[in-house]
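Notes for the one structure printed next.
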Amino acid sequence: MTNQFPREELLAPGHRGCAGCGASIIVRQALKAAGKDTIVANATGCLEVMTTPYPETAWNVPWIHVAFENVAAVASGMESAVKALQRKRGKFSDKKINVIAFGGDGGTADIGFQALSGAMERGHNMLYIMYDNEAYMNTGIQRSSSTPLMASTTTSPAGSVIRGEDMPKKDMPMIVAAHGVPYVATACLSYPEDFMKKVKKACEIDGPAFIHVFQPCTTGWRYETKDTVKIGRLAVETGVFPLYEIENGDFKISYKPAKRKPLIEYLKPQKRYRHLTNEDVEMLQKAVDEKCKLLGY
């Protein structure tokens, strides 16, 4: 990690995340980049449950827990409140206060989509970080609209009737980019410098920003707890999750592997894909190849 990011921890250790939890890694990195002059709104989900079991908290910045569906709306109100205080030239007038909303894929792509779309359309000066573990992990590993094709979950179980999830993953970065916001990016916890630089840039931009962060989940994806960072790297190296930025409408790949790895290397360690046949893998590989060709990845 470069020297431009502080060693200070704004997410305290001792929270109750699973061994190998990707959400805690994401928050640590994001807060290091944003700094202590940050206010956080957190939707219901794994992150909220594991970091704030009453009466404890792991957050070393101002933090508020809100409902599953309205974190973007609450962050909008927080941003408006900061502006009001600044207009009065109060104690916050000489500081840049970062307003960050954290939501999982369920609280972002599904339940909270209306609030997110409204906040982006209204132009609030805030950063929304979607930590994507590709299912509703906190409530029992149910599928979300961010669950990838053929992944097995408790509500899209692989068996004799269906082959796991039967719909493709919702493309949230491109949907948000269609709102015309100044900054949209993808990131992965396995590439911390890339993610932290994007958070820093997003906080400096005037207007709404959205970062979609890929978060492997040892509990829901059923891989060994030591392999969280490895799985994230394989997602990027195989082209499952390309890293890019869209800044004021300009699209740019932020990392491109010299040679993409075969998709099977990403799928094989995860038991949620253990039902796949060779034909299934070939079909999924073709879909990844087509997406990477479209993006120039």
Side-chain angles (χ1 to χ4, degrees), residues 22 105 108-110 130-135 143-153 156-159 162-178 184-195 198 210-218 220-224 227-247 249-297:
D105 50 290
T108 304
D110 296 345
M130 171 183 167
Y131 64 99
D132 183 9
N133 53 27
E134 299 188 326
R143 58 84 61 193
S144 75
S145 63
S146 196
T147 301
L149 190 64
M150 291 194 173
S152 181
T153 73
S156 62
I162 63 173
R163 307 289 301 154
E165 173 60 27
D166 60 357
M167 297 295 289
K169 182 181 178 78
K170 185 182 286 186
D171 196 343
M172 282 301 296
M174 291 301 179
I175 292 172
V176 176
V184 173
T186 62
C188 176
L189 59 79
S190 306
Y191 296 80
E193 289 194 4
D194 176 75
F195 175 43
K198 287 172 177 175
F210 178 86
I211 301 180
H212 180 183
V213 191
F214 191 76
Q215 187 227 303
C217 175
T218 178
W221 300 9
R222 289 174 286 170
Y223 59 80
E224 293 189 37
D227 289 337
T228 295
V229 172
K230 177 183 176 181
I231 296 293
R233 284 192 174 274
L234 284 171
V236 174
E237 297 289 338
T238 58
V240 167
F241 196 83
L243 301 181
Y244 61 82
E245 295 176 293
I246 305 175
E247 189 170 357
D250 293 329
F251 177 90
K252 180 180 70 175
I253 296 291
S254 49
Y255 171 79
K256 187 175 183 179
K259 183 179 180 181
R260 280 194 292 117
K261 294 181 178 180
L263 180 61
I264 189 62
E265 293 188 27
Y266 169 73
L267 300 175
K268 193 171 182 180
Q270 304 177 57
K271 291 183 181 180
R272 63 174 178 162
Y273 290 120
R274 64 184 173 183
H275 60 283
L276 297 183
T277 64
N278 290 337
E279 290 75 18
D280 293 333
V281 174
E282 288 176 7
M283 184 194 74
L284 293 176
Q285 179 70 72
K286 183 178 179 181
V288 169
D289 291 343
E290 290 175 351
K291 180 178 180 180
C292 289
K293 182 178 179 181
L294 179 65
L295 295 177
Y297 193 75

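Among the candidates T108, T153, D105, D132, the single residue satisfying the side-chain hydrogen bond (donor to acceptor under 3.5 Å, both in side chains) test with S144 is D105. With D280 as the partner, the salt bridge (Lys or Arg N to Asp or Glu O under 4.0 Å) test is satisfied by one option alone out of R163, K286, R274: R163.
Residues K169 and E134 are paired through a salt bridge, judged by an N-O separation under 4.0 Å between the basic side chain and the carboxylate. No salt bridge links K291 with D171; every basic N to acidic carboxylate O contact stays at or beyond 4.0 Å. One finds a salt bridge joining D289 and R260 here, because a Lys/Arg side-chain nitrogen approaches an Asp/Glu carboxylate oxygen to under 4.0 Å.
Here CG of L276 is found 7.5 Å from CD1 of I264. Values are rounded to the nearest 0.5 Å. Interatomic distance, R272 CZ to L267 CG, rounded to the nearest 0.5 Å: 8.5 Å.
S156 and R143 get closest at one heavy-atom pair: OG-CB, 3.9 Å. Nearest heavy-atom pair across F195 and I211 is CE1-CG2, 4.0 Å.
Without hydrogens or angle criteria, K252 side chain to E247 main chain gives no donor-acceptor distance under 3.5 Å.
By the 30° and 60° cut-offs, the orientation of the rings of F214 relative to Y266 is tilted. The aromatic rings of H212 and F241 stand perpendicular to each other, their planes meeting at an angle above 60°, with 30° marking the opposite boundary.
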